[in-house]
Structure formats: structure tokens, C-alpha cells
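In what follows, every heavy atom counts, from backbone to side chain, and hydrogens, waters and symmetry copies are set aside.
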Amino acid sequence: MAAILTQLPDDGVQQPAILRGPFRMAGGYRPARAPESPYDRAIGFLLPAAAFFLSWWQVGRIPAFNLTMSDMILIVCTLLMLVSRGLNARMMGRMSVLWVGGIVMLLGGMLVGSTVHGDFTRWPVVAGQYAFALVLIPMVLANCSLTALRRSGLAYVWGVAVSQAVGVALVNLFSRDMINQYVNKYVVTGNGRLGAFTGEPNSNGAVCVFALIFLLHAVIEKRLRPVIAVPLALVIVAGLVYSASFTAFTATILAIGFILALSRMRTVVTIALPVALAVGAYVGLGGPVPAVFEQRVGDAVVSGDPTKAGTFVGRSVLIQEAWQMSGDNLLIGLGSDGYRKASVYGMPVHQLYLLVLNEGGLVSFIGLSVMFAAMFVQGLFIAGRSRTDGVCALAILGVFFMYAMSLPHMFARMWNGPVMLMFALSTAGAGVATLTATRRPQWYNQAGHRDAEPAADTERTSEAG
């Protein structure tokens with residue numbers, strides 16, 4: 001284990017680069033950045049590239065191995081870290097032990113079910129996908145610098161924005177047949193919903209929600225100027241509307257509202273008020289809205305009846321079946337992908353908790369619950385150090401939980417990758433805020449005597465707690 005661990009302070013927070021090594025300055029000495037190795041420079045370039053392509057699930061993917069361009073870049077980052085400094089086993093801070101324990105229970109219950117039912121072929125595939133997404137990638141991200149993580153967060157926003165811009169342009173300029181023939185059959189569905197580069201409208205709506213959280217996080221921390229943030233937000237919102245996903249629309253309202261409600265008043269005034277005025281003016285003036293959005297989302301919102309939101313009724317039927325079947329699968333589940341074979345509908349239930357309960361029994365169900373609990377508690381720890389980082393981490397976790405209640409297995413990196421990236425970014429940001437606030441280095445003059453510590457020269461994360 002020592003080969004994969006990085007050195008951490010006692011509280012589990014990585015020592016930031018600004019606190020390593022002295023260099024001379026007027027009035028004494030202060031910490032300096034350690035020189036970057038070629039490996040670090042390569043990772044600093046590759047990690048944002050992986051984040052940029054994280055939402056491009058149907059572009060350059062190898063279906064036989066379920067590997068995307070982003071996955072392959074992350075694998076290269078992993079190899080570079082193994083060669084240079086190893087991986088960080090504390091991928092979820094203080095909750096890392098619970099996090100790993102939950103994953104072991106999740107996969108272990110499915111292993112027992114697959115073995116008992118004599119169908120072991122799918123378990124290695126499912127387990128490998130989950131391990132890559134929820135163990136290896138978080139270990140890589142936890143070992144990256146705050147600068148690299150911030151760049152990756154912005155790269156993710158740009159990647160989603162580019163995909164939505166291309167998708168919306170194609171939908172408005174070309175017929176569906178032409179798009180299917182010359183581009184990709186997953187860009188737009190038969191009823192006109194936008195799948196863009198994710199390949200499916202619901203997943204496309206999800207990446208738009210994730211991107212808006214990253215965008216808002218960067219704006220609040222003043223790492224992204226409004227002249228750039230506003231066009232990016234408009235493009236992403238356009239993609240969200242064209243995806244016509246009721247879950248994505250609801251998740252956006254709740255997540256953005258949660259972040260702004262727990263932000264400082266100046267943030268609400270400078271961000272929420274202009275957005276509310278712009279949306280109100282657009283709706284009041286009768287701005288155009290895609291017909292598919294009105295049919296699938298608008299009617300459900302206006303009437304307050306979720307059964308009008310697309311496939312809600314069909315999903316509820318699968319949920320009822322899964323609940324009835326779960327009584328027979330509590331101790332030993334059906335095994336990985338076993339539900340699809342046992343269901344009279346021949347498809348997995350679109351509710352992750354019920355699917356895991358049926359395929360892995362109570363052991364897997366408890367493991368999944370422990371994982372979500374570990375992320376929630378870690379989000380609270382982060383919020384105790386930095387309000388903005390913690391609130392954004394909890395917001396993206398809330399969105400992830402909402403989709404877990406409406407989708408089957410979520411080991412695809414476009415689902416969990418943004419969540420892991422936000423938690424790594426927030427943990428690193430909160431760690432720097434804490435260390436710079438409570439562990440300021442001593443200052444010495446040339447004679448070796450301690451000087452007064454300059455108050456204006458300490459970095460802090462915006463709105464740090």
C-alpha cells in the first residue's frame with residue numbers, strides 16, 4: 001500500500017504546492033512552489049483534456065470495452081502517476097474507508113448472486129466498470145493539484161458547451177435523416193429530443209446540469225468572467241431545453257436554487273437576480289421554446305402532474321415489478337444483469353437502488369447506501385471549511401442521487417465522473433483554504449528572527465468558511 005499513498009497532513013488534506021519549500025522575498029522567506037516534473041506537466045495537460053471529453057460518450061468510444069476518449073486519457077494519467085509518485089488512496093478524505101467498504105459490499109453482493117445463479121460472465125465487466133469509475137479515477141483526481149482540478153472543471157464546462165452548440169445547430173439546420181446518415185444516429189431521437197454527444201436525451205440533460213454547477217462554482221470563485229460565463233451558460237441551457245428531460249429540468253432548478261440559497265447575499269444579487277429577470281422577460285415576451293420541451297416538460301410543470309413527463313408511467317411499472325420481486329432476492333440477489341433476464345419486460349428497472357437490491361441483495365443495497373452517505377458526510381466536512389466548495393459538492397451529489405432514483409446502473413463515467421471531479425476539486429479547494437488560514441508559515445528575516453506575519457499575503461478560497 002505504501003507505493004500508492006501520497007504524503008498527507010494529519011487531517012487528511014493534501015499539502016498544497018504553495019506550502020512547499022522556501023524562497024526569498026522582501027522582509028524574509030515564504031513558501032514557494034515546488035518545481036513541476038515532466039510527469040506533472042503531462043498530467044496537467046492530459047487531465048483537462050479528459051474532462052473536456054468526459055460528456056462525449058458516443059464519440060470515439062470502443063463499445064466492446066466501453067471505453068471512451070476520456071477513459072483512455074485517464075488511463076494514461078494513471079500510468080504517469082504510478083511511475084512518478086503513486087496514487088492517493090484517500091480519494092474521499094475522512095470517508096475513504098467507508099467509501100471503499102461500500103463499493104466492496106456493492107460488488108460483493110452481486111458476486112454472490114452471480115455465482116449462485118451460475119452466470120458469472122457479466123460480473124467481471126460490471127465490477128471492472130464500477131472499480132474504474134469509483135476507485136481508480138477518484139484516486140487519480142485526489143492526487144492532482146488544485147490548479148489542475150480547476151482547469152479540469154472549466155474544461156468540462158467547455159466540453160459540454162461545445163457538444164450542445166453542435167447538437168443544437170444540427171437539430172435546427174438539418175433533418176434527422178441527414179444527421180443520422182452523416183453524423184450519428186444518437187444526436188437526435190425520433191421525437192426530436194437532443195442527445196448530442198452523450199447519445200441519449202436524459203444523459204445529455206444530466207451533463208448539462210453538472211456543467212452548470214461547475215460553471216456557477218467558477219463564477220462564484222471569480223475564476224470565470226461574466227463575459228465568458230454568460231454565453232457558456234446560454235449554450236448549455238439551450239442544450240438542456242432541447243433535451244426535453246423533466247428530470248434534468250427539475251434537477252437544475254433544485255441544484256442552482258440550493259447553491260444560491262446558501263451563498264452570500266452579494267452572490268444572490270449579482271447572479272440570481274439578473275438570471276431571474278432575464279428568464280422572466282423571455283417567458284413574458286413569449287420567447288420560442290422547442291415543441292418537444294413543451295410536450296414533455298412544460299405540460300408536467302404547468303399541471304403539476306409528473307405522469308405527463310414522457311416515460312414516467314413506463315418507469316413506474318418497472319419500479320412496481322422490482323419492488324414485488326425484491327422480497328425473493330434479499331439474501332441472495334439475481335447477480336449482475338440478472339434482473340433483465342428475470343423481468344417480464346426484459347429490461348432493467350430504472351431505479352438504481354431497487355436494481356441493486358434485486359441483483360445483489362441487502363448487502364449490495366447497504367453498500368450503495370453507505371457510498372452515498374460517505375459522499376454526503378464528506379460534503380458536510382468540505383462545507384465546514386469552504387462554503388462554496390461544500391455547497392457545490394452537495395448540490396452535484398443531490399443531482400446524482402436524483403438520477404440514481406430514475407436510472408439503472410450508473411458506472412458510465414459521464415454519470416459519476418463529474419461528481420468525482422467536483423468532490424476532488426472541492427476537497428482540494430477547502431484544504432487550501434484551511435491550511436492557509438490556520439497553518440500560516442512562520443516568517444523570518446535574514447538574521448533568523450521571526451517577523452510579523454503579513455496579513456495581506458495569504459491566499460484564501462473565495463467564501464471560505
Side-chain angles (χ1 to χ4, degrees), residues 54-55 57 102 106 130 133-134 156 160 193-195 198 200-217 236-237 239-241 243-262 293 296-298 300-301 304-316 318-319 322-323 348-357 365 368-380 383 390-423 426:
L54 190 59
S55 63
W57 189 250
L106 172 67
Y130 269 120
L134 301 178
Y156 177 74
V160 173
R193 299 177 65 195
L194 180 65
T198 67
E200 202 273 328
N202 289 320
S203 58
N204 188 59
V207 300
C208 289
V209 182
F210 291 146
L212 289 174
I213 295 175
F214 276 97
L215 178 64
L216 189 57
H217 181 265
I236 295 172
V237 169
L240 178 69
V241 171
S243 67
S245 170
F246 179 78
T247 304
F249 178 80
T250 305
T252 300
I253 300 299
L254 294 177
I256 302 302
F258 176 77
I259 294 173
L260 294 176
L262 295 181
F293 181 85
R296 292 182 53 88
V297 180
V301 172
D305 184 4
T307 60
K308 296 183 178 180
T311 57
F312 180 87
V313 176
R315 292 180 182 181
S316 64
L318 289 170
I319 290 174
W323 181 253
V349 58
H350 283 59
Q351 217 272 20
L352 183 59
Y353 274 93
L354 283 176
L355 180 62
V356 166
L357 180 61
F365 179 84
L368 181 63
S369 301
V370 167
M371 291 170 58
F372 273 100
M375 286 192 287
F376 177 73
V377 175
Q378 177 65 7
L380 293 179
V391 168
C392 289
L394 291 173
I396 207 167
L397 173 61
V399 174
F400 188 58
F401 180 78
M402 287 184 61
Y403 275 96
M405 301 297 289
S406 60
L407 290 172
H409 284 301
M410 299 173 67
F411 48 68
R413 268 65 66 193
M414 67 176 172
W415 290 110
N416 47 60
V419 182
M420 298 299 104
L421 177 59
M422 176 56 77
F423 266 82
S426 299

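- Going from atom CG of L394 over to atom CG of L380 covers 5.5 Å, rounded to the nearest 0.5 Å.
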Original post:
Can you list the steps and then say if V241 with L194 is a side-chain contact (heavy atoms from CB on, under 4.5 Å)?
Top reply: CA-CA 9 Å; V241 171; L194 180 65; over 6 Å; no
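- When every heavy atom of M420 is checked against every heavy atom of A133, the shortest pair comes out as CG-O, 4.1 Å.
- In terms of heavy-atom proximity, A395 sits nearest to A255 at CB-O, 4.2 Å.
- I259 and C392 make their closest contact through CD1-SG, 4.1 Å (heavy atoms, listed as atom of the first residue, atom of the second, distance).
- In this structure a side-chain-to-backbone donor-acceptor pair under 3.5 Å is present from T198 to N204.
- Of the possible donor and acceptor atoms, none in the side chain of N202 sits under 3.5 Å from a partner among the backbone N and O of S245.
- No more than 12 heavy atoms of other residues, nucleotides or ligands shown are found within 6.0 angstrom of CZ on F376.
- The aromatic rings of Y353 and F401 sit perpendicular, their planes meeting at an angle over 60°, well past the 30° parallel limit.
- Expressed to the nearest 0.5 Å, how far NE2 of H217 lies from CG of L212 amounts to 14.5 Å.
- With rounding to the nearest 0.5 Å, the separation of OG1 in T250 from CD1 in I253 is 8.0 Å.
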**OP:** Just do the side-chain contact (heavy atoms from CB on, under 4.5 Å) check on W323 and V349 with the steps written out, would you?
**Re:** CA-CA 10 Å; W323 181 253; V349 58; over 6 Å; no
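- To the nearest 0.5 Å, atoms CE (M422) and CZ (F400) are separated by 14.0 Å.
- Within the 4.5 Å cutoff, the side chain of S243 has no heavy atoms near those of the R193 side chain.
- With rounding to the nearest 0.5 angstrom, the CG atom of L352 is 7.0 Å from the NE2 atom of H409.
- Closest approach of L318 and H350 over heavy atoms only: CD1-ND1, 4.0 Å.
- Contact check for P418 versus Y156: side-chain heavy atoms found under the 4.5 Å cut-off.
- In this view, S426 satisfies the side chain to side chain donor-acceptor pair (under 3.5 Å) rule with no residue, not counting sequence neighbours.
- Contact annotation: the side chain of F411 never approaches that of L134 to less than 4.5 Å [non-hydrogen atoms, C-beta and beyond].
- In this structure the side chain of F210 never reaches within 4.5 angstrom of the side chain of L421, judged on heavy atoms.
- For the pair L254 and V399, the minimum side-chain heavy-atom distance is 4.5 Å or more.
- In this structure, L54 and G417 approach most closely via the heavy-atom pair CD2-C, 3.8 Å.
- Under the 4.5 Å side-chain criterion, counting only non-hydrogen atoms from C-beta, L106 is not in contact with V370.
- Two residues are said to be in side-chain contact when any heavy atoms from C-beta on lie closer than 4.5 Å; F423 and L397 meet this criterion.
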**OP:** Walk me through it: do L407 and W415 pass the test side-chain contact (heavy atoms from CB on, under 4.5 Å)?
**Re:** CA-CA 11 Å; L407 290 172; W415 290 110; 3.0 Å; yes
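- With a 4.5 Å cut-off on side-chain heavy atoms, V207 and W57 do not count as touching.
- With rounding to the nearest 0.5 Å, the separation of CG in L354 from CE in M405 is 7.5 Å.
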